[in-house]
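Comments concern the structure below.
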Number of protein chains: 2
Amino acid sequence: MVTKRYPTSVEVARLAGVSQSAVSRTFTPGASVSARTRDKVLAAAETLGFQPSLIPRIMLTDRSGLVALVVGGLENAFYARVVQSFAARLREAGNQIVLVPVDSDYTLDAVAARLAQYRVDAIVSALAVLSQDAAETLSASRIPVVSFNTPVTAARVGSVGSDNALGGRQAAALLHDRGVRHPAFIAGPADSPASAERLAGFRDGLRAAGLPEPRVAGSAYTYEGGAEAAMRIRADAPVDGVFCANDLCALGAIDALRRVGRRVPDEVRVIGYDDIPAAGWGGYDLTSFDQDVPALVEAALAMIARMSGPESALGERVLIPPRLIERGSTRA
Amino acid sequence: MVTKRYPTSVEVARLAGVSQSAVSRTFTPGASVSARTRDKVLAAAETLGFQPSLIPRIMLTDRSGLVALVVGGLENAFYARVVQSFAARLREAGNQIVLVPVDSDYTLDAVAARLAQYRVDAIVSALAVLSQDAAETLSASRIPVVSFNTPVTAARVGSVGSDNALGGRQAAALLHDRGVRHPAFIAGPADSPASAERLAGFRDGLRAAGLPEPRVAGSAYTYEGGAEAAMRIRADAPVDGVFCANDLCALGAIDALRRVGRRVPDEVRVIGYDDIPAAGWGGYDLTSFDQDVPALVEAALAMIARMSGPESALGERVLIPPRLIERGSTRA
DNA sequence: TTGAAAGCGATACCAA
DNA sequence: TTGGTATCGCTTTCAA
């Protein structure tokens with residue numbers, strides 16, 4: 001025999017000697033119930049351990065109060081912070097987070113369908129890379145989608161991101177100011193739009209400062225990737241300033257450079273992106289860009305609210321200016 | 001006017017010219033439908049963009065397929081890994097994760113009620129500290145609860161954790177072996193059971209090795225906390241070996257010690273716990289304990305399965321032996 | 001203020 | 001293989 005798990009409003013009503021409707025009203029803020037009835041109901045509910053189910057309400061309203069957060073790579077502290085920030089704001093709004101960690105785009109199709117079946121109210125993709133195909137799959141679910149740091153064009157899909165080009169330009173200006181003559185860029189995955197935008201801005205800034213084209217090496221947005229890329233760049237040419245697509249890469253690069261005897265920042269200046277906690281740690285003291293996660297999250301939620309209305313905002317994009325956090329890794 | 005968000009099986013049935021039951025069967029694996037009917041249904045479903053709702057099924061079965069994961073401090077890479085590991089296994093089982101980041105115990109009461117209303121199938125608490133009160137709140141929800149790294153006693157609440165005492169003993173043995181004479185322990189928060197157990201084991205091990213009682217300083221399981229604690233210990237006495245309650249503390253301690261000119265590992269050996277990625281980074285090369293997250297997760301899921309049955313396992317506890325990962329911070 | 005009754009959108013059983 | 005119908009636990013009219 002299957003154990004009955006939850007008491008229902010009917011059982012509470014029976015115990016309290018009132019109608020089921022009375023129970024429902026007691027748990028509906030602002031409904032009209034007499035104090036006497038309410039007390040009886042609450043007493044009965046207490047005895048039975050009754051918690052009104054939210055499920056029927058979802059059925060009635062098609063709104064679940066669930067917001068899906070699709071993430072890859074929580075090991076990057078930046079995304080951990082994004083999740084925390086979302087969580088805090090969504091909780092204030094009474095929503096729950098459905099976390100969907102994803103390894104690659106491949107699993108995203110199945111995920112989108114599943115989320116639709118749960119009637120989630122919105123999907124936030126915090127994937128470093130979101131393919132156009134995947135975006136369209138999500139778009140087809142008719143659920144408002146906001147993509148973090150990946151501009152995509154599809155109906156009911158908006159995007160919010162750091163102003164990467166601006167950050168890139170600032171990085172170039174700072175390195176120039178610190179006397180760098182031979183700049184390099186350690187990129188993220190080839191298909192990462194954020195990395196591409198940071199590089200584009202970096203190039204613009206270098207050009208404006210009269211500096212040469214940067215050496216470029218790709219990595220994987222990871223510590224190890226940054227270390228390898230730094231070695232490839234170094235074998236290539238004399239480099240005295242490196243802008244990295246994110247902090248994890250930058251930390252790997254710093255360690256790799258030091259391992260082969262290059263001094264940071266004395267011989268090579270390094271800049272990262274994200275301002276993760278480790279950037280401030282003793283041995284690194286990494287100059288970086290704070291993406292302003294709270295502002296990003298705020299913008300994402302506002303966009304979702306707009307898209308949840310009858311008319312669907314299409315392809316909207318919001319950029320948040322990053323804040324340069326200067327530390328020791330760019331000392332002149 | 002409210003926009004209708006999702007097409008229903010009735011609408012699909014009408015369009016396909018079949019009964020609603022036929023639609024349901026088409027989407028029920030292993031149900032008997034003729035190929036002809038199924039094709040008509042699928043075509044209609046495709047046109048309308050129909051995805052069968054999971055909500056009615058939850059109502060019928062009281063099983064949502066939702067598992068709640070309560071976490072504090074995702075900024076600790078260890079918990080990020082725990083979440084990823086859970087996610088992977090739960091997805092295989094067809095479950096979704098409801099992520100509940102929590103700042104303190106205080107919010108946990110509201111959280112438990114909310115989760116009960118969503119009819120989540122289980123709750124996993126990966127909080128570093130779970131008070132007895134909070135455990136009882138969760139227990140009262142009648143939902144199976146598994147607590148990570150925090151032994152608690154309450155009905156339907158089990159716990160899974162690293163064998164912290166064993167780790168502590170191994171840490172003592174290793175330090176002794178490396179010639180340490182003046183040991184210290186940097187603890188987590190005063191109410192953290194994991195920290196207390198690691199310390200207890202460490203004390204046992206030191207005693208067995210004929211070493212003196214360790215100096216002890218509390219911290220907050222953070223980088224900054226570890227740095228401060230290291231300074232307090234140092235002001236106190238000559239210390240040449242430090243076992244830290246977790247890696248984050250250990251990294252902070254290493255940086256703080258080096259800042260004041262102590263050489264690690266030459267003058268002071270350091271051991272952490274968790275084996276987070278940063279432990280392997282160049283400047284640190286921190287010896288640590290791998291808690292074996294996959295095994296912990298496996299054990300937690302098995303426990304949940306047992307508790308979901310009719311009879312509720314009470315206060316069960318499973319310990320997983322940690323693996324010592326020796327690196328440069330404990331070179332003799 | 002209260003109770004009765006009609007849905008919400010699926011599943012599952014029953015006859016046909 | 002099919003279609004009709006009861007059912008899950010609520011919220012929401014509608015009368016009383």
How many Å lie between CZ on A:R63 and P on C:dG9, as a whole number? 15 Å
Aromatic ring proximity A:Y221/A:F78, centre distance under 6.0 Å: no
What is the distance, to the nearest angstrom, from the CZ atom on B:R38 to the C1' atom on D:dG3? 18 Å
Between B:R36 and B:R119, the residue closer to the 5' end of DNA chain D by nearest nucleotide is B:R36
Atom pair distance, as rounded to whole Å: CD in B:Q51 and P in C:dA10: 11 Å
A side-chain contact here means heavy atoms from C-beta on lying under 4.5 Å apart; do A:E298 and A:P294 qualify? no
Could you tell me the separation between the CG atom of B:L54 and the OG atom of B:S64, rounded to the nearest 0.5 Å? 9.5 Å
Note: contacts of residues 54-61 of chain B with DNA chain D (heavy atom, under 4.0 Å) are B:M59, B:L60
Describe the nucleic acid contact of B:S24 in one word from base, sugar-phosphate, nothing, applying a heavy-atom distance below 4.0 Å. base
Please determine whether a side-chain nitrogen or oxygen atom of A:S9 lies at a distance below 4.0 Å from atom OP1 or OP2 of D:dC10. yes
4.5 Å side-chain heavy-atom contact, A:P144 and A:V146: no
State, yes or no, whether a side-chain contact exists between B:V82 and B:L296 at a heavy-atom distance under 4.5 Å. no
Can you sort out which residues in residues 26-35 of chain B have a heavy atom within less than 4.0 Å of DNA chain D? Ascending by number, please. B:S32, B:V33, B:S34
State whether A:R14 and A:E11 are salt-bridged, where the test is any N-O pair (Lys NZ or Arg NE/NH1/NH2 against Asp/Glu carboxylate O) under 4.0 Å. no
Taking the side chain as every heavy atom from C-beta outward, state whether A:V120 and A:I143 have any pair of such atoms under 4.5 Å apart. yes
Do any N or O atoms of the protein come closer than 3.5 Å to N or O atoms of nucleotides 4-6 of chain D, and which pairs are they?
| residue | atom | partner | partner atom | Å |
| --- | --- | --- | --- | --- |
| D:dG4 | N7 | B:S21 | OG | 3.0 |
| D:dG4 | O6 | B:S21 | OG | 2.9 |

Do the non-hydrogen side-chain atoms of A:Y118 and A:V98 ever get within less than 4.5 Å of each other? no
Is the count of non-hydrogen atoms from other residues, nucleotides or ligands lying under 6.0 Å from A:E92 atom CD greater than 12? yes
Within-4.5 Å side-chain heavy-atom neighbours: B:N149 and B:S162: yes
In this structure, are over 12 heavy atoms from other groups packed under 6.0 Å from A:R81 atom CZ? yes
